[in-house]
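Everything below concerns the one structure shown next.
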4 protein chains.
Amino acid sequence: MRIGVIGCGYWGSKHLRVLQNVQDVDQIVAIDAREDRLLALQRSFSSLPSFRDLASALPHVDALVIATPPGTHLGLALQALRAGKHVLVEKPMTTSTAHARRLIDEAEAASLILMVGHTFEYNAAVWKLRDVITSGELGDVYYINTARLNLGVYQSDINVIWDLAPHDVSIINYLLRSRPTTVQSWGSSHAHTYLEDVAYLRLHYPQLGIIVQIHVSWLDPCKVRRMTVVGSRKMAVYDDLADQERLRIYDKGVVAASKDDALHGLPMSYRYGGIVSPFISLQEPLSIQDQHFLECIRTGRQPLTDGENGLAVIEVLEAATRSLAEGMPVALEAVPAYGDHKVHRVYG
Amino acid sequence: MRIGVIGCGYWGSKHLRVLQNVQDVDQIVAIDAREDRLLALQRSFSSLPSFRDLASALPHVDALVIATPPGTHLGLALQALRAGKHVLVEKPMTTSTAHARRLIDEAEAASLILMVGHTFEYNAAVWKLRDVITSGELGDVYYINTARLNLGVYQSDINVIWDLAPHDVSIINYLLRSRPTTVQSWGSSHAHTYLEDVAYLRLHYPQLGIIVQIHVSWLDPCKVRRMTVVGSRKMAVYDDLADQERLRIYDKGVVAASKDDALHGLPMSYRYGGIVSPFISLQEPLSIQDQHFLECIRTGRQPLTDGENGLAVIEVLEAATRSLAEGMPVALEAVPAYGDHKVHRVYG
Amino acid sequence: MRIGVIGCGYWGSKHLRVLQNVQDVDQIVAIDAREDRLLALQRSFSSLPSFRDLASALPHVDALVIATPPGTHLGLALQALRAGKHVLVEKPMTTSTAHARRLIDEAEAASLILMVGHTFEYNAAVWKLRDVITSGELGDVYYINTARLNLGVYQSDINVIWDLAPHDVSIINYLLRSRPTTVQSWGSSHAHTYLEDVAYLRLHYPQLGIIVQIHVSWLDPCKVRRMTVVGSRKMAVYDDLADQERLRIYDKGVVAASKDDALHGLPMSYRYGGIVSPFISLQEPLSIQDQHFLECIRTGRQPLTDGENGLAVIEVLEAATRSLAEGMPVALEAVPAYGDHKVHRVYG
Amino acid sequence: MRIGVIGCGYWGSKHLRVLQNVQDVDQIVAIDAREDRLLALQRSFSSLPSFRDLASALPHVDALVIATPPGTHLGLALQALRAGKHVLVEKPMTTSTAHARRLIDEAEAASLILMVGHTFEYNAAVWKLRDVITSGELGDVYYINTARLNLGVYQSDINVIWDLAPHDVSIINYLLRSRPTTVQSWGSSHAHTYLEDVAYLRLHYPQLGIIVQIHVSWLDPCKVRRMTVVGSRKMAVYDDLADQERLRIYDKGVVAASKDDALHGLPMSYRYGGIVSPFISLQEPLSIQDQHFLECIRTGRQPLTDGENGLAVIEVLEAATRSLAEGMPVALEAVPAYGDHKVHRVYG
């Protein structure tokens with residue numbers, strides 16, 4: 001198996017490093033228009049063939065990882081699929097639902113694997129959090145609140161919603177095994193002339209009665225990667241920066257007060273309990289993801305984060321963009337229940 | 001000077017404790033309909049006359065602190081003002097702007113002091129943060145983000161916006177020496193049947209080009225009291241729970257990239273610097289506030305947090321309530337610039 | 001029951017406040033040579049009789065709490081016991097074992113309650129930690145490491161060992177239900193001319209095979225109150241400043257490697273697991289302690305922190321003082337096993 | 001320039017990675033007895049010649065980095081020096097002062113560079129801390145307290161003192177530009193049969209009047225890398241795990257009280273001020289160190305962490321070992337003042 005990585009910046013080089021240690025990979029190929037990047041890579045990687053453009057590289061690869069700016073995803077992915085190559089495209093998959101749909105159709109017609117790089121769905125802490133939710137340990141989930149804040153790094157072709165929110169939307173769709181039906185958003189550009197650098201999204205999952213509030217920012221003094229899930233019985237906080245305790249489960253809750261308490265003017269009764277940080281064995285999510293890509297290619301299995309999964313995220317981003325412009329909530333089209341990932345064969 | 005405190009629950013007893021150590025106070029009087037509370041207070045306070053209702057207490061006091069549920073503020077304050085007593089009313093001042101206006105008019109007509117218990121305007125960390133903003137150290141303020149989260153304590157007659165947001169609105173009006181012109185809000189009731197227990201507010205201060213986002217919650221596993229002020233030159237975080245460093249100033253910033261950087265695909269340039277936590281001498285804000293109340297009574301000085309100040313907060317809460325119902329931003333009526341606190345005499 | 005508190009500084013006023021809310025107390029009496037302190041107290045406490053010296057106060061009390069500087073404990077306690085009053089003396093009980101023994105004998109001869117203010121033995125987090133150790137959850141306890149650091153507050157008549165280490169020694173004797181047989185210590189005076197302001201103690205509990213290292217300091221920029229208990233199966237950290245999680249239990253351990261691992265050069269094998277912070281219901285330890293004092297007086301029950309308990313701590317401090325001077329470990333005399341607190345009647 | 005790295009475990013592979021990006025390096029060579037390690041490296045490094053033993057590798061290198069277990073350092077370094085190769089040996093340099101002295105003599109006789117891998121002396125946070133001390137900002141340094149705690153990783157041939165304390169001793173010698181004259185230590189083996197896994201060292205720098213207390217452990221639930229420097233004017237905490245604020249300077253101090261305060265029973269007066277975390281630009285210390293090695297080879301400059309520097313650390317470790325056995329402080333031989341690093345030519 002020969003894999004090309006196009007776009008060898010920060011994230012692309014991570015793919016190169018990770019793929020180097022994946023067993024089925026026979027050859028890695030680097031593709032980037034910038035000569036300086038390719039030269040730097042030569043120092044670090046053994047026998048790394050490199051190309052300046054996709055066309056010249058295609059004959060030398062069986063599959064392609066696309067880690068270029070989002071605006072180029074559609075074109076590069078189509079080019080690869082049409083040449084019969086499997087494709088793993090970084091998030092956001094594309095810059096519109098129409099484009100995402102085109103990629104899905106193209107891959108299906110050609111019986112090729114199309115996968116989206118929603119890395120967090122390969123993160124053991126996220127898996128554990130889904131287990132905790134699914135098992136009923138939290139009771140009914142009331143709402144989810146997330147913050148993904150940074151100082152920088154501004155993208156040149158997308159705003160902070162398209163840059164950071166794909167992570168949160170993909171994680172929450174995954175946690176809830178569902179998709180939102182309404183999206184509202186607010187954003188503002190402060191340091192940048194026109195790209196929003198601070199934004200808030202509000203997603204409704206009415207089948208579940210859950211509201212999700214997402215805060216993304218390129219303009220915060222503190223790096224934050226936090227998700228709070230509030231349930232009727234317990235509450236969980238997933239902090240991706242807390243190395244030793246990414247997940248903390250609080251045995252705390254609020255319920256309507258008993259008649260007795262209500263008589264004494266207490267509307268609610270509170271339960272305070274301990275805190276548990278389950279041990280989560282660390283394995284690099286990007287590595288698990290890229291191995292999964294190779295396994296899907298080998299076996300014809302549908303990827304966990306397939307095109308439809310990527311499209312579901314793009315739908316939210318697109319709706320958020322409209323909401324930003326219109327100042328109103330935007331309804332997503334009725335979507336079929338988003339059940340467990342179906343494992344069926346794409347080809348052969 | 002004889003001062004009555006009506007409503008001797010959690011917050012009212014704090015006033016009692018604080019007033020006990022204020023020099024000009026000759027006599028404190030407790031007023032509460034609940035006999036058990038009055039009995040408990042007798043144990044802790046020396047010679048504390050107490051009454052079951054305001055009418056019986058009024059002849060024995062010169063001024064009144066109102067710490068009862070918000071729905072009762074108007075009635076009690078009117079009753080006191082009409083009896084010629086100065087009034088300090090806890091936040092939120094009233095449950096509508098019309099009521100707030102009525103109190104202001106009544107106090108003015110009677111040449112009595114009317115003050116609102118916006119304690120944070122008497123907090124040395126908030127003062128320091130205003131100094132930092134005013135001095136230009138942060139550059140242009142871009143936006144402010146706040147979180148005031150709790151597990152509990154639910155109020156019986158107001159939702160989480162009316163309970164917690166008065167603090168944030170009063171602090172931000174004070175910091176910016178201005179008032180918002182538009183308010184938008186979202187909220188939802190999860191554990192409570194109908195009162196919103198999680199909410200977000202978005203305030204516009206268009207004269208300053210500043211957007212403020214407020215998050216309040218009775219349903220969070222972690223107690224949070226945090227305000228982030230993002231400026232073009234520096235950023236500040238005020239964490240009211242960080243005893244030793246309530247205020248941290250980050251010498252970090254983002255500016256549009258130079259032409260050179262822009263050519264290399266970097267839209268912005270970042271500045272990373274040190275962090276400074278200025279020393280803030282601690283004095284209990286409630287005590288400073290209550291001393292100020294007494295000083296205003298003695299001198300006829302207009303309180304820093306006078307009726308107009310309280311009304312400005314109620315306007316925001318009322319607009320937030322409408323926005324919640326209508327799902328749209330709500331404009332506040334054009335308000336005169338909210339300059340520095342004028343110190344003029346109310347009477348004498 | 002009428003209780004006097006002698007020494008109405010920081011700690012003495014805490015006793016006054018706490019005793020005010022203890023049911024059996026009919027009358028509290030304040031005793032202090034400083035008029036200004038007594039005047040300040042009059043403002044805060046209802047009908048508080050006060051005296052300038054013990055002799056005048058004794059006829060008006062049945063029991064005495066001694067919160068004066070350690071050098072005065074012996075004299076005041078003897079005076080009170082000889083007048084037939086029960087005594088609760090603050091830590092350190094006395095400044096020598098001989099003095100401590102004298103108090104014990106005097107109280108026993110007079111059938112009076114003698115109790116020492118080792119507050120931490122009435123702290124729910126310490127109780128929980130002892131349960132965790134006793135239950136075997138930690139496996140064999142290997143060693144305990146503590147840090148009790150401050151900036152200030154220097155005492156005028158004792159060094160940092162006598163000021164801060166009584167807490168740690170009393171907690172650890174309590175946790176291990178045992179006493180050390182050897183004590184070594186090092187200390188140095190830096191900011192103070194001659195009183196040690198930074199010190200380390202090393203205690204051996206050879207029956208249990210446990211070593212304890214204590215670090216006390218008046219000269220640290222950060223306030224620290226931490227105790228780490230390392231066991232063969234799990235480890236626990238008790239942080240008295242972590243309001244929400246005073247106790248954290250780490251499911252981590254190290255054991256000698258299996259033969260197989262050893263062959264591959266790994267001397268040990270490690271176990272990493274989750275972290276649990278059990279919920280600990282907060283009740284003020286000083287209040288529990290003072291209630292216990294009153295209950296012991298009423299029932300004739302032996303206090304949990306009786307004279308012998310206080311003496312055991314003084315023995316360690318005295319040995320530490322000798323070790324400091326001699327630069328050598330100092331053996332405590334063979335002590336009988338220090339079993340569970342015997343509950344027997346002192347009188348009646 | 002061709003460089004060999006012998007010992008390609010955790011730390012050796014770091015050298016390989018770092019050397020790959022150093023400009024003057026023409027060829028890197030891996031040397032390890034374990035075939036599996038060499039095979040794994042082949043995957044990650046481009047054209048990496050490898051050898052199973054030093055003898056076969058020597059003809060292919062000009063310089064050698066030794067990252068094998070400490071017991072083998074002497075033999076391998078001698079072998080390399082005798083073959084005319086420059087040597088960078090990992091810490092601890094050797095397992096005795098006699099061995100260290102032999103290496104120094106051998107290198108000097110052969111006019112070869114001998115350098116010790118005391119990485120922290122190439123760490124920008126340590127540089128900044130030395131600047132702060134040297135500038136007098138802290139006032140007189142009173143004492144230094146360090147903690148370097150881990151769960152694991154046990155070494156097979158050295159105890160925790162020889163494993164972890166070299167870092168602290170090298171940092172403190174560097175910070176103070178001096179060496180201790182007395183060393184005392186205590187240690188105990190808990191989980192390991194005979195190697196001490198928890199230990200404390202106490203170093204005296206009497207010329208400076210400074211005492212240093214070092215705590216090292218393989219048996220702690222929390223990873224800690226902290227150094228507190230207490231001065232008469234300010235205090236500093238260097239926390240190597242605090243990514244964003246490795247160094248914090250506390251504007252706090254304690255001084256003997258004025259006569260007036262002393263009269264009121266206050267022995268000391270305290271100064272509380274702000275906290276500053278200076279910005280420290282991050283560059284990987286290992287990379288700076290290895291570049292320095294190459295620069296020294298090229299220019300004949302004496303390394304900052306030369307043999308004498310390494311020997312100074314070994315002297316402390318050796319004394320600590322004797323103190324552990326004898327239970328007494330151990331004096332180091334009178335050492336010449338350890339001034340600023342002399343930059344003189346070794347050869348050429």
Subject >> Among C:K234, C:K252, C:R202, C:Q155, residue most engaged with chain D (heavy-atom pairs, under 4.5 Å) >> reply: C:R202
**OP:** Look up atom CD1 in D:I210 and atom OG in C:S188, then write down how far apart they are to the nearest 0.5 Å.
**Re:** 11.5 Å
Original post:
Has D:R52 got more than 12 heavy atoms of other residues, nucleotides or ligands less than 6.0 Å from its CZ?
Top reply: yes
Original post:
Relative to chain C, which segment of D:V198 carries a heavy atom at a distance below 4.5 Å: side chain, backbone, both, or neither?
Top reply: side chain
**OP:** Indicate whether the side chain of C:N145 and that of D:Y200 have a donor and an acceptor atom separated by less than 3.5 Å.
**Re:** yes
Subject >> Side chain, backbone, both or neither of C:V237 within contact of chain D (heavy atoms, under 4.5 Å) >> reply: side chain
Original post:
Heavy-atom distance under 4.5 Å to chain C: side chain of D:Y142, backbone, both or neither?
Top reply: both
Subject >> Between D:T228, D:D140, D:V254, the one whose heavy-atom pairs under 4.5 Å with chain C are most numerous >> reply: D:V254
Original post:
Pick from C:M235, C:H215, C:Q213: which one has the most heavy-atom pairs with chain D under 4.5 Å?
Top reply: C:Q213
Subject >> Interface moiety of C:S232 toward chain D, non-hydrogen atoms closer than 4.5 Å >> reply: neither
**OP:** Please state whether the side chain, the backbone, both or neither of C:D220 comes within less than 4.5 Å of a heavy atom of chain D.
**Re:** both
Subject >> For the student: nearest non-hydrogen atoms of D:L151 and C:Y272, plus distance >> reply: O-OH, 3.5 Å
**OP:** Can you tell which part of D:S217 gets under 4.5 Å to a heavy atom of chain C, answering side chain, backbone, both or neither?
**Re:** side chain
Subject >> Contacting region of C:Q184 [heavy-atom separation from chain D under 4.5 Å] >> reply: side chain
Original post:
Does CZ belonging to D:R37 count more than 12 external heavy atoms closer than 6.0 Å?
Top reply: yes
Subject >> Segment of C:R248 engaging chain D (4.5 angstrom heavy-atom cut-off) >> reply: neither
